[in-house]
Amino acid sequence: QVEIVESGGGLVQPGGSLRLSCGASGSIFRIDAMAWYRQAPGKQRELVATITSGDSTNYADFVKGRFTISRDYAKNTVYLQMSGLKPEDTAVYYCKAENLLALYSPRAKDYWGKGTLVTISS
């Protein structure tokens, strides 16, 4: 059984910082990439950042220079360091483990966490 759990969300003032964490647990053999998405009220879920197994990163234009994604392979954990936060960053942030191959599964697939709420407000 694979589980993806996000943490670190909360209420932050504009201009502040926050670090999100996402851990993948269970009988995991391999994870190709991990990513953060977000979904604001009334909007579609959108990609924020990804990091591959080779540490290649990709960011949405609206977070470039403000957010940094990193990964701890030993812990199957991905982080999202967010700074210069704006009210428009308010959303539920979701973690996705891409092409995760579990020990008991014949093929890799994507797994999602349930999200963590980030609210930027004064």
Side-chain angles (χ1 to χ4, degrees):
Q1 190 82 358
V2 172
E3 189 176 23
I4 310 296
V5 179
E6 305 96 336
S7 62
L11 173 63
V12 178
Q13 290 187 341
S17 299
L18 205 60
R19 189 175 87 150
L20 305 182
S21 300
C22 167
S25 62
S27 301
I28 298 169
F29 180 72
R30 184 194 76 236
I31 304 174
D32 283 352
M34 298 188 80
W36 286 98
Y37 285 73
R38 72 185 188 185
Q39 187 167 17
K43 295 187 177 181
Q44 290 189 332
R45 191 172 298 188
E46 58 186 0
L47 176 66
V48 176
T50 60
I51 183 166
T52 69
S53 57
D55 279 340
S56 176
T57 58
N58 181 56
Y59 296 92
D61 286 343
F62 52 78
V63 302
K64 282 182 179 177
R66 299 189 299 125
F67 292 9
T68 301
I69 189 170
S70 60
R71 187 170 171 180
D72 184 330
Y73 293 89
K75 297 180 179 179
N76 282 328
T77 298
V78 64
Y79 304 97
L80 186 67
Q81 179 66 49
M82 306 185 293
S83 61
L85 285 162
K86 306 174 182 180
E88 51 264 42
D89 292 320
T90 295
V92 177
Y93 283 71
Y94 296 91
C95 176
K96 183 173 77 165
E98 300 179 347
N99 284 331
L100 185 154
L101 181 61
L103 291 176
Y104 55 83
S105 179
R107 64 183 61 85
K109 65 178 184 178
D110 296 344
Y111 290 81
W112 288 89
K114 295 181 179 180
T116 184
L117 177 63
V118 172
T119 304
I120 311 304
S121 176
S122 55

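- Taking the salt bridge (charged side-chain N to carboxylate O under 4.0 Å, His left out) definition, one finds that Arg19 meets it with nothing, sequence neighbours left out.
- Side-chain heavy-atom separations under 4.5 angstrom define the hydrophobic clusters, and the remaining members of the one that includes Phe29 are Leu101, Leu103.
- Taken together through direct or relayed side-chain contacts under 4.5 Å among Ile, Leu, Val, Met, Phe, Trp and Tyr, Leu100 and Val5 form parts of separate hydrophobic clusters.
- Both Ile51 and Trp36 are assigned to one and the same hydrophobic cluster, defined by single-linkage of ILVMFWY side chains at heavy-atom distances under 4.5 Å.
- Across all non-hydrogen atoms, the minimal contact from Ile31 to Ala97 is CG2-CB, 4.1 Å.
- Val118 is listed as a side-chain neighbour of Met82, based on a closest heavy-atom distance under 4.5 Å.
- By the 4.5 Å heavy-atom criterion applied to side chains, Leu80 and Val48 are counted as neighbours.
- Listed by first and then second residue, the ring pair (Phe, Tyr, Trp, His ring centres under 6.0 Å) pairs that reach into residues 99-122 are Tyr37-Trp112, sequence neighbours excluded.
- The minimum heavy-atom distance linking Arg30 with Ala108 is given by the pair NH2-CB, 4.1 Å.
- Smallest separation of non-hydrogen atoms from Gly54 and Tyr73: N-OH, 4.1 Å.
- Listed by first then second residue, pairs satisfying disulfide (SG to SG under 2.5 Å) with a partner in residues 21-110 read Cys22-Cys95, not counting sequence neighbours.
- Across Ala60 and Leu47, no two heavy atoms sit closer than the pair CB-O, 3.4 Å.
- Every residue two or more places apart in sequence or in another chain that forms a side-chain contact (heavy atoms from CB on, under 4.5 Å) with Thr68 is listed here: Tyr59, Gln81.
- Counting heavy atoms from C-beta on, the side chains of Tyr94 and Lys114 never come closer than 4.5 Å.
- Between Asp32 and Thr52 there is no side-chain heavy-atom pair separated by less than 4.5 Å.
- In this structure a side-chain-to-backbone donor-acceptor pair under 3.5 Å is present from Thr90 to Ile120.
- Between Pro14 and Pro87 there is a side-chain heavy-atom pair separated by less than 4.5 Å.
- Checked by atom type and distance alone, the side chain of Glu3 never pairs as donor or acceptor with a backbone atom of Ser25 at under 3.5 Å.
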Pair Ile28-Val2, side chain to side chain contact (heavy atoms under 4.5 Å, CB included): steps then yes or no: CA-CA 7 Å; Ile28 298 169; Val2 172; 4.2 Å; yes

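- Contacts classified as salt bridge (Lys or Arg N to Asp or Glu O under 4.0 Å) and involving residues 88-108 (residues at least two apart or in different chains) are given here: Arg38-Asp89, Arg66-Asp89, Lys96-Glu98, Lys96-Asp110.
- Annotation: side chain of Val12 is not in contact with side chain of Thr119 (no heavy-atom distance under 4.5 Å).
- Nearest heavy-atom pair across Leu18 and Gly8 is CG-O, 3.4 Å.
- When the side chains of ILVMFWY residues are joined at heavy-atom separations under 4.5 Å, either directly or via intervening members, Leu117 and Tyr79 end up in two distinct hydrophobic clusters.
- Annotation: side chain of Ser53 is in contact with side chain of Arg71 (closest heavy-atom distance under 4.5 Å).
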